[in-house]
Amino acid sequence: MLLVCLIAFPFLAACFSLVLRNKRLLALINVFLYAAMLALGMGLAYTICVKQPVVVFERLLRADALSVFFVLLITWVSLWALVYSKGYLEHTEEGELSARKKSLYYFFFHIFVFSMLVATLVDNLGHLWVAIEMTTLASTFLVGFYNNKTSVEAAWKYLIICSVGITIALLGTVLLYYNVVLHAGIRSLNWSDIVSVAAQLDHRLLVVAFLFVFVGYGTKAGLVPMHTWLPDAHSQAMTPISALLSGVLLKTSIYAILRFVIIVDKSLEVNFAFTVMLYAGIFSIAVASLFMLAQKDIKRLLAYSSIENVGIIVFGFGIGTPLAILGALFHCFNHACAKSLLFFSAGNIVKKYKTHNMNLIQGVLEVMPFTGVVVLIGMFAIIGMPPFAIFASKITILVAALAQKYFLLTALFLLSMAIVFAGLLLHLGRVVFGNKPKTIEPSQDALSVKIVFIILSLYLVLFGLGLLPQAQVLLNKATDIIRGV
Amino acid sequence: MMYAFLLGMMMFAYSMVITRRVTALIRSFRLQSLFLALVTFSFAYKAANLEIYIVSVLLVMIKVLGIPYYLRRLMEKINIDESLGLFMNPLLSLVAALLFTFVSSLFAIIVLRNQDPLICISLIIAMVTMFIGFFIMVFRAKAITQIVGLLTMENGIFLLAAAITDGMPFFVEIAIFFDVFVCVIITGIFLYRINRLFTHIDVNRLTQLRG
């Protein structure tokens, strides 16, 4: 029941946004539904931590600790993106939107969230593929929403590159299915079935299938060198959507990869899948950190930072020890919060200064004191300063890497972190401090925006001090699933 | 008979590589899809499986009739010149296609080892079709070739799914169809927008976003 409601709510919200004309009522219903989804997610997490995975409709939907972790991530970030959207849509970068455009925006927003939730809650790997492709289709409109040259170009690249990637992932899925039919003798694409017969699969075919899947979903996750669509799409999308793309969508693709990793790891004696992730991760970190130094566009800078953080997460999973996987999962959540915070504040700044160019944006602290402070918090959080939560997750991954004696990789990791540190400090430092341009008048932020900022900052500080025991239980359970215990 | 249909798929994959005009490309795509539908149909006949029959009918409806018609309409509407904008001339492209065939054969032999020759050939043609789809996405300038390229890649996967697994689970297959359909509509919409904003659909001239 929990599961069905969880999936039905964003769908309901999408229908409402097309039908209802009363704006205030609609906003109220939206926020209510999303808060309810978050509560349902927590309820689901509680049920699973106590009992077995939840299954409904003859295993059409299935939730275990790993999927619930991602459900919580999606509902948490999308709730705040929704609240932020309200203030944002009043004055976007392109001025006031018409009522029709607004309802379209909400429609695609809900469909986007819906498809991400479906992706994490289906058992069938074919359905997983369809849901991930749905996320691309729904979010393309939100990337190209302003319908100007840059955003349409970004949307086109996003759509085409991700569709090709996902087609390759489908090839991998078909090969896996063939493997299952031929060697395990069952005609099923359900993940839970495949895992139970993983030992019987043909190794060579499985490795090939996994590589296709990894490249395919890796494109969507923004791993270097398949990342080329990401800076365009994330910088041109509407701000709340940028936060969703960076904070949640990338992780949904990582979730898809993880499902396959578990199968491969169960089947092969060697750590093949984890090793692939390890090197793909470190490569993404190193390349993205160099790109960050050269950015001029504030949202592109944040997009490259997302590539780097996806690299950290994949690197963490690649180490493969319980500690590292725990750190990587924790980092998923932390990065989502810090990056949403940064994108939201960048959205405010861009709206105020009417440019993305960081050379023209200076003195935010003077012009918008609240946003300026938030940018500082977000910046220190994302580069992993204590006491913020990202510090905790990064140090966990580092310790795990050292414990596995990956000295060279750890050194590379630290070097990249230093470059990221320098890059962000250089760029955002100038944006926040510096002298404000004469033409721009100081202003205040909307209340809903402030609430979002405060809650996300609070999360980053509180979880930097320590995990809640309940969160610890959930993370441990998810870690066990990834390790195939 | 099945081998003849497979050969047809292969031939029209090659003809997509050497063509210079948009209408010819769409026609080749349509014929390739027709042969794909025929292959699927004969697999359905062989396995006596109702679900695969339905899939082949859907293939005819969507990929042979629906999508090519939609693409034609789109081209008429945006009224763009016929040439594809080749970055690589047809002869070199054909050489590349032969190279793909070689690589795919090697891949099929290594991965499948001693399987049924029909399955082996199907895998080879599926891989060639995917390679060629990808190739025309990269080496042709017009945005519409990217749509056709993507659809061609999917043709390859459909062939593979029909041949080596007797079709994916039915519900999955339907969902994938729906997805392909929506994807084409959306790319069409964006193609239209690109044409209106840039007054051309050359992808290599979309260079506003860099770095």
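When reading the values below, keep in mind they use all heavy atoms of this one structure, side chains included, and skip hydrogens, waters and symmetry mates.
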Item to check | Most contacts with chain A, counted as non-hydrogen pairs under 4.5 angstrom, among B/Leu123, B/Ile189, B/Thr187 | outcome: B/Thr187
Checklist entry - So which heavy atom on B/Met153 is nearest to which on A/Ile168, and how close? => result CE-CG1, 4.3 Å
Item to check | Side chain, backbone, both or neither of A/Leu137 within contact of chain B (heavy atoms, under 4.5 Å) | outcome: both
Checklist entry - Do you know which of B/Ile194, B/Val111, B/Val203 has the most heavy-atom pairs under 4.5 Å to chain A? => result B/Ile194
Next on the checklist: Within the 4.5 Å heavy-atom criterion, are B/Phe134 and A/Thr167 side-chain neighbours or not?
Outcome noted: no
Checklist entry - Which atoms of A/Leu182 come close to chain B, meaning under 4.5 Å heavy atom to heavy atom: side chain ones, backbone ones, both, or neither? => result side chain
Checklist entry - Does any heavy atom of chain B fall under 4.5 Å from the side chain of A/Asn147, the backbone, both, or neither of them? => result both
Item to check | Partners passing side chain to side chain donor-acceptor pair (under 3.5 Å) against B/Asp179 (at least two apart in sequence or in another chain) | outcome: none
Checklist entry - Is it the side chain or the backbone of A/Val130 that comes within 4.5 Å of chain B heavy atoms, both, or neither? => result both
Checklist entry - What residues, two or more places apart in sequence or in another chain, satisfy side chain to side chain donor-acceptor pair (under 3.5 Å) together with B/Thr23? => result B/Arg21, B/Glu82
Checklist entry - Donor-acceptor pair, B/Arg193 side chain versus A/Asn148 backbone, under 3.5 Å? => result no
Item to check | chain B contact via A/Asp202 - which portion, at a heavy-atom distance below 4.5 Å | outcome: side chain
Checklist outcome for this item: Here the gap from A/Leu171 atom CG to B/Ile157 atom CD1, rounded to the nearest 0.5 Å, amounts to 5.0 Å
Item to check | Trace of the ring pair (Phe, Tyr, Trp, His ring centres under 6.0 Å) decision for B/Phe190 with A/Tyr158 | outcome: CA-CA 11 Å; B/Phe190 274 93; A/Tyr158 174 51; 9.6 Å; no
